[in-house]
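A short write-up of the structure that comes next.
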Amino acid sequence: MSTEPLRPDRFDSAGQDQLVDVRDLQAALPGIHRLRTWAHEALALRPGEKAVDIGSGTGSEVFAFADAVGPTGEAVGVEPDPNLLASAERRANQLGSAARFHSGDAYGIPFGADYFDAALCERVFQHLTAPVRAANEIARVLRPGGRAVVVDVDWDTAIVHPGERGVVRQVLDTLISATTNPLAGRAIPGQLTRAGLVVDEIGSHALVQDRAAGPGSLVTRISAMAVARGSITEAEREDLLRDLERGAETGDIHLSVTMFAVLAHKPN
């Protein structure tokens with residue numbers, strides 16, 4: 001998955017909650033990069049293998065797959081957004097990459113059973129109304145012995161400091177209620193296990209927003225939603241944003257959320 005702008009047409013219609021996507025924590029991108037590095041090391045692709053990125057965006061991870069599997073392997077991206085598919089294909093042509101891209105999503109990977117040696121699915125499950133179905137689909141396309149890494153955020157781990165505790169809690173509750181599958185990160189191991197995969201390792205990383213961003217676009221927008229739903233007053237919102245701005249100036253600020261990465265394999 002790449003860090004493209006938010007895409008409200010992705011997956012479920014309920015997935016229009018992408019305004020709370022972790023991409024809004026722009027300063028946390030180094031943390032996402034570290035998790036991606038962990039994912040690639042965990043998948044440990046070898047020449048000649050077949051690998052798929054489910055929700056591939058403009059294809060950055062698929063290009064890395066293509067380099068790893070070489071000319072005898074197969075690197076595939078599956079993405080539902082036609083504009084992103086077209087962009088990925090253009091990039092593949094420009095790079096001279098053997099990466100291929102197909103229309104599809106986590107509910108329908110357009111390949112037969114037992115096809116791939118490795119699968120990656122990053123920041124997709126939080127947007128799904130039926131993540132168990134997606135876990136089953138990943139298990140279906142993996143060959144016996146194949147491995148998968150599924151990465152996603154758990155929004156109930158979000159921290160906002162400083163701010164009046166009750167107001168912060170209401171803002172975070174608004175964020176959680178606005179997300180299709182807000183606790184995705186904690187549920188991945190169980191969902192993959194029920195799909196018949198064996199969980200081998202679980203990694204995590206707290207994505208911490210740089211203090212220079214102040215409240216950031218995420219808190220700014222979600223706090224406005226909290227006002228609209230009557231959870232906090234406009235005055236309370238202004239106080240919260242002011243506290244965060246002051247915290248950014250003095251260094252007394254912390255905004256973060258934790259992402260989890262799960263490595264699993266399909267038994268022989």
Side-chain angles (χ1 to χ4, degrees), residues 1-2 7 10-15 17-18 20-22 32 35-36 38-45 49-57 61-62 65 75-81 102-157 176 179-205 257-268:
M1 292 275 298
S2 54
R7 309 199 298 280
R10 188 170 183 189
F11 300 115
D12 307 295
S13 58
D17 58 18
Q18 294 221 18
V20 297
D21 194 302
V22 72
I32 294 174
L35 273 181
R36 285 180 175 170
W38 182 91
H40 284 279
E41 291 175 350
L43 290 174
L45 288 173
E49 289 193 315
K50 299 175 181 177
V52 61
D53 181 13
I54 304 157
S56 54
E61 307 314 292
V62 189
F65 284 173
V76 173
V78 173
E79 169 62 47
D81 187 312
H102 296 266
S103 179
D105 60 30
Y107 298 146
I109 302 169
F111 288 84
D114 303 335
Y115 190 84
F116 290 103
D117 297 286
L120 173 66
C121 188
E122 181 192 321
R123 288 179 293 162
V124 170
F125 274 42
Q126 65 177 297
H127 304 299
L128 301 178
T129 56
V132 172
R133 181 178 161 196
N136 288 333
E137 183 69 352
I138 291 171
R140 181 187 70 81
V141 300
L142 279 181
R143 66 163 181 80
R147 56 267 185 218
V149 169
V150 180
V151 182
D152 223 312
V153 70
D154 189 315
W155 285 108
D156 203 30
T157 66
I176 289 169
T179 307
T180 302
N181 182 24
L183 310 184
R186 72 184 63 180
I188 292 169
Q191 290 162 353
L192 295 180
T193 299
R194 288 194 294 275
L197 302 182
V198 176
V199 172
D200 299 302
E201 189 173 353
I202 301 173
S204 67
H205 199 289
V257 68
T258 300
M259 289 188 70
F260 294 90
V262 182
L263 170 66
H265 74 273
K266 186 172 182 176
N268 288 306

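Numbers for residues simply follow the sequence, beginning at 1. Computed from a prediction, not measured in an experiment: that's the story for all the values here.
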Using a 4.5 Å cut-off on heavy atoms from C-beta on, say whether the side chain of Met259 contacts that of Val151. yes
Under the side-chain contact (heavy atoms from CB on, under 4.5 Å) rule, what do Ile32 and Glu122 come out as? Steps first, then yes or no, please. CA-CA 10 Å; Ile32 294 174; Glu122 181 192 321; 3.6 Å; yes
Can you check whether Phe116's main-chain N or O pairs, donor with acceptor, with Arg143's side chain at less than 3.5 Å? no
Leu197 and His265: side-chain contact (heavy atoms from CB on, under 4.5 Å), yes or no, with the steps? CA-CA 5 Å; Leu197 302 182; His265 74 273; over 6 Å; no
For residues Ala195 and Ala135, report the shortest heavy-atom separation together with the two atoms involved. CB-O, 3.6 Å
Roughly how far apart are His102 NE2 and Asp105 CG, rounded to 0.5 Å? 14.5 Å
side-chain contact (heavy atoms from CB on, under 4.5 Å) between Val199 and Val262: does it pass, once the steps are laid out? CA-CA 7 Å; Val199 172; Val262 182; 3.9 Å; yes
Testing the basics here: between Ala51 and Phe65, what is the closest heavy-atom pair and its distance to 0.1 Å? CB-CD1, 3.7 Å
Work out which heavy atom in Pro189 is nearest to a heavy atom in Thr193; give both atom names and the distance. O-OG1, 2.8 Å
Are the side chains of Asp53 and Val76 in contact, using a 4.5 Å heavy-atom criterion? no
To the closest 0.5 Å, what do you measure between SG (Cys121) and CD1 (Ile188)? 8.0 Å
Short question: side chain of Asp152, backbone of Gln126 - any donor-acceptor pair under 3.5 Å? yes
Examine distances only and state if a side-chain atom of Asp117 and a backbone atom of Glu49 form a donor-acceptor pair shorter than 3.5 Å. no
Against Val52, only a single residue in Val62, Val78, Leu142 fulfils side-chain contact (heavy atoms from CB on, under 4.5 Å); can you say which? Val78
Distance-only, no hydrogens or angles: does the Lys266 side chain make a donor-acceptor pair with backbone N or O of Ala139 under 3.5 Å? yes
I want to check something: taking the side chain as every heavy atom from C-beta on, are Leu183 and Trp155 in contact at a cut-off of under 4.5 Å? no
Centroid separation His205 to Phe260 less than 6.0 Å: no
Donor-acceptor pair, distance only, cut-off 3.5 Å: does the side chain of Thr258 make one with the backbone of Thr157? no
Of the options Val150, Ile138, Val124, Leu120, which is the one that meets Ile54 in a side-chain contact (heavy atoms from CB on, under 4.5 Å)? Ile138
Taken in chain and number order and not counting sequence neighbours, the residues that satisfy side chain to side chain donor-acceptor pair (under 3.5 Å) with Glu137 are Arg140
Euclidean distance, Asp81 CG relative to Ser103 OG, rounded to 0.5 Å: 9.5 Å
Main-chain N/O of Ala44 paired with Arg147 side-chain donor or acceptor, under 3.5 Å: yes
Separation between CG (Asn181) and CZ (Phe125), nearest 0.5 Å, reads 8.5 Å
So which heavy atom on Ala119 is nearest to which on Leu43, and how close? O-CD2, 3.8 Å
Report the distance from atom CH2 of Trp38 to atom CG of Leu263, rounding to the nearest 0.5 Å. 5.0 Å
Kindly write out the residues that satisfy side chain to side chain donor-acceptor pair (under 3.5 Å) with Asp154, not counting sequence neighbours, or none if the list is empty. Arg186
